[in-house]
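Here's the structure, in structure tokens; my notes come after.
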Amino acid sequence: MMSQPRTTPSLLLLPLLLWLPWLPHILGQNVPFEYHEYSQVTQVLREFHQNYSDITHLYSIGRSVQGRELWVIAISDNPTVHEVGEPEVQYVGNIHGNEVIGKEMLLHLLEYLTEGYGNNDTISSYLNTTRVHILPAMNPDGLQGSLEGDCYSSIGRENARSYDLNRNFPDKFEVNTQLIQPETEAIMNWTRNIPFSLSAIFHGGAMVANYPWDNTPYEWPVDLQSFPDDDIYRHLALTYSLNHGNMHVGDVCSGDFFEDGISNGADWYPLRGGMQDWVYIHGDCLTITLEVSCCKYPTQDKLRDHWVWNKNSLIELLLQVHRGIKGQVFINGTDTPVSGATVSIGDRDNSFHTTSAGEFWRILIPGQYSVTVSKAGYSSETRTVTVPGNLTFSAVIEDFYLVENGTNSALNASESTTGEYTTEITPSATVGREARHLAGNGCRLQMADYLVTLLNGALIMLICTNHVL
Ligand SMILES: [Zn+2]
């Protein structure tokens, strides 16, 4: 072939060269170590969803004050549905718009997980047994007003109505009179709708893994031992800090010292209306707050270092969702799940509740635990469960079968002569089933009391005329 004029190849290549910076995005690979403003976050999420459509699900949980969608990308083998028994994880970045490192780390984590599925055994097994939800930017309006290189100011921290979203949640210990913002409302609805059992919220301006409570009913200094789940929270926080490039050192940022790089939130400084306390209480979800950069908005050249420091921590924390105990609660002798049952661990003064499928999860450090499952209208059950030290892709599975109290009273009646029995039955649906059961066993229900039961949802009078049950 004749050689071409020297200028031709470069002219032919020109359109391609113009596209080169965009190629990684088009291919859904190699998220560049560059900051992503809101529209670019959206673009990255869309591209990853297109390129990994089998294992990702892109959805919005609501809109910011200025109308920006709050995008979440879920990653799992069946990303669009909750699979019974499978734990769900929530990672949230950029609650303060000017604290941006978490947002970027979550985009790199998205890349790491999606590319690892099918290529890395740990990631594949994890995503086959877990669903991870990533919300890179909870406060996109604040983000748009923030400035690269601004380490210390509060410009961009709040939402578009000047509310600090990490002071905007209903509080456990005090009345919070703040008007709940759309971004906060979206998080609350999201957390109520998906049974998350592990959550992490990313901030900047310090270097510490911080855990509940963020507020306290006590005078400072705080009695840390009185906090429920303090042991597992210390474990989760240490999992992050000890796997991080330098968080565990404790004095990375000038002026701060955190032993091993962790702190109880209220022990650092109490705050009202924080997100982690609300998600913990109302989501039945262990939640920690991760401060991952001394400078809130460092210059872009620092991003690669931050990813190197945070990568193992992000992965190791995800794996912890499979510690502890999980299971389902059923009506004894049936496959009918019991929703809203209380699952208590020892004498911890907090309880978690079963989902509509009767599921529960309790992340726990290794050891022996007394687990009690109870619900009004049912006998409670207490069982000792051993949580092993080794970590697999499932917590210890313990299913519980609760006996309805009404059934008990009928059985008790069989041992006696004709008499009147009162039993506590809460949901009206149960009353109907109970009435049918007892009618078939020679008991009749006093209609007046039955109506009282439906109105008050509490007491019902049973009259058994036939003691041979
Ligand atoms: Zn913050």
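Counting convention: from 1, in listed order, for ligands and their atoms alike.
- Thr114 places a side-chain N or O within 3.5 Å of a backbone atom of Glu111 that can act as its donor or acceptor partner.
- If you run side chain to side chain donor-acceptor pair (under 3.5 Å) between Ser39 and each of Glu37, Gln43, His36, only Glu37 comes through.
- If you look at Glu99 and ask which of its N, O or S atoms sits nearest the Zn ion (ligand 1), the answer is OE1.
- The Zn ion (ligand 1) is closest to atom ND1 of His203 (considering only N, O or S atoms).
- For the pair Arg348 and Asp231, the salt-bridge criterion is met [side-chain N within less than 4.0 Å of a carboxylate O].
- Put simply, the side chain of Asp277 gets close to the backbone of Asn215: a donor and an acceptor are under 3.5 Å apart.
- When distances from the Zn ion (ligand 1) to the N, O or S atoms of His96 are compared, ND1 comes out shortest.
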